[in-house]
There are 2 protein chains.
Amino acid sequence: MTGKKENILTAALELFANEGYSATSTNKIAKKAGVSEGLIFRHFKNKKGLLQALIEDAEARISRIFAPIIFESDPRKVIKTTILLPFSIEKSEYDFWKLQFILKWEVEYHKPNKMKPLIDKLTWAFSELEAEEPEKEALLLNQIVESISIGILRDGMETQNKLKSFLLKKYKV
Amino acid sequence: MTGKKENILTAALELFANEGYSATSTNKIAKKAGVSEGLIFRHFKNKKGLLQALIEDAEARISRIFAPIIFESDPRKVIKTTILLPFSIEKSEYDFWKLQFILKWEVEYHKPNKMKPLIDKLTWAFSELEAEEPEKEALLLNQIVESISIGILRDGMETQNKLKSFLLKKYKV
DNA sequence: GTCTATAGGATGATAGAC
DNA sequence: GTCTATCATCCTATAGAC
């Protein structure tokens, strides 16, 4: 069950997410994983390969989380679920999210269009609800949700909880 | 005018802001600054000292930018100026802002209360305008502005320009 | 699959000359 | 103030044994 390869991934995720990619040495990862340093390179070729494996894992999880929104057909529910999204993240998934956000600041991993499907769906929802400028509403809500996510990951859910009911009321969903 | 100490600061700022603190070696900084590596340590004791000098500089600039809002007495103008804030950043200041945001992900430099004065002022403004929940309005607007700033720094001002007039309209300022 | 040993280079930092 | 030379340490990665 607890293969050593997985130990490495778990340790690396926690360290990359909380201390940064460059600041984390393969030595630290190996120690935390209870594994020899060489094994990391056997399994992942190099340090970047290890990061890549984590990124792919994280992206899979994230599209799984977005799926219920993309396939929702009630516009009100699309907006409601989007607002609730950051509050429904499980603690066990925090490091995956953190990694996402940290990597946005590392040039080579930042893809601005990653949120396009969500924004498109939100645009559709707002236009169904006859908003004056559905695309801008969508862009704005997307950014609000993103900034709430960041707030939760950095300072804890309590700091953002006030905004939850406030937003639901504001958007009447 | 172009003292070597300043060269070091300029080079380090650009590198720290765009490639991260840990990913930037003192060797790279020295080369970019056209200076010997040893000089960095003469002037700033160590790499952390160099970062600290930049942080202090950045914080001074930022409070200078916030000042006009804090001392504004017209609540509508407080909100308007806050919304316009990220759009009024000069290109030459981008790296200072980037550094601010990057450091928020490095535990030891993240202070969640840094925005308190702005949030307090916004709370006051919204309560003057008789909003139902002024504190929550303030928290929300603060986060919106922060996320727009991030968007500008990462993807350019064009990507955020749509939101500018949209927000001014939404907040009727 | 996993470990040990180690290569080869980069890194932060110091000492000493000018 | 500034540079050159140098150090000890740490880093990523490989080779070879089990």
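Below, each value reflects all heavy atoms present in this structure, side chains not excepted, and no hydrogens, waters or symmetry copies. First the proteins, then the strands, lettered A, B, ... as listed; each starts at 1. From a predicted model like this one, the values you see are computed outputs, not experimental measurements.
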OP1 or OP2 of dT14(D) sitting under 4.0 Å from any side-chain N/O of Lys45(A)?
no
Measure from the side chain of His43(B), starting at C-beta and using heavy atoms only, and say which of dA13(D), dC11(D), dG1(D) lies closest.
dG1(D)
Rounded to whole Å, NZ of Lys4(B) lies from C1' of dT4(D) at a distance of 13 Å
Candidate nucleotides dG16(D), dC3(D), dG12(C), ranked by approach to the side chain of Lys47(B) - the nearest:
dG12(C)
Using atom NZ of Lys31(B) as one end and atom P of dT4(D) as the other, report the distance to the nearest whole Å.
12 Å
Rounded to whole angstrom units, what separation is found between the CD1 atom of Ile40(A) and the P atom of dG1(C)?
15 Å
Gap between atoms CD and P, on Glu19(A) and dC11(D) respectively (whole Å)
12 Å
To the nearest angstrom, how far is Asn27(B) atom CG from dA5(D) atom C1'?
14 Å
Is the phosphate of dT11(C), meaning OP1 or OP2, less than 4.0 Å from a side-chain N or O of Ser25(B)?
yes
Is the distance from OP1 or OP2 of dC11(D) to the nearest side-chain N or O of Lys28(A) less than 4.0 Å?
no
Lys170(A)/Glu137(B) ion pair, N-O < 4.0 Å:
yes
Nucleotide nearest Leu39(A) when distance is taken to its side chain, options dA13(C), dC3(C), dT2(D)
dC3(C)
d(Phe66(A) CZ, Lys114(A) NZ) to nearest 0.5 Å is 10.0 Å
Should Lys111(A) and Glu59(A) count as an ion pair when the cut-off is N to O under 4.0 Å?
yes
Given dT2(C), dC3(D), dT12(D), the nucleotide with the shortest approach to the side chain of Glu37(A)
dT12(D)
Round to a whole Å and report the spacing from CD1 of Ile29(B) to P of dA13(C).
11 Å
On DNA chain D, more 5' by nearest nucleotide between Gly34(B) and Ser22(A) is Gly34(B)
Looking only at the side chain of Phe41(B) (C-beta and beyond, no hydrogens), which of the listed nucleotides dT2(D), dG12(C), dA15(D) gets closest?
dG12(C)
For the residue pair Phe126(A) and Tyr171(A), does the interplanar ring angle fall in the parallel (under 30°), tilted (30 to 60°) or perpendicular (over 60°) class?
tilted
Does Arg42(A) or Thr24(A) map to a spot on DNA chain D nearer the 5' end, using the closest nucleotide for each?
Thr24(A)
Of the listed nucleotides dT2(C), dG12(C), dT12(D), the one nearest the side chain of Thr26(B):
dG12(C)
Between CG of Leu15(A) and C1' of dT12(D) the distance, given in whole Å, is 16 Å
Does NZ or CZ of Lys48(B) lie under 6.0 Å from the centre of the six-membered ring of Tyr21(B), at an angle within 45° of the ring axis?
no
Without decimals, in angstroms, what is the distance between Glu6(A) CD and dT2(C) C1'?
17 Å
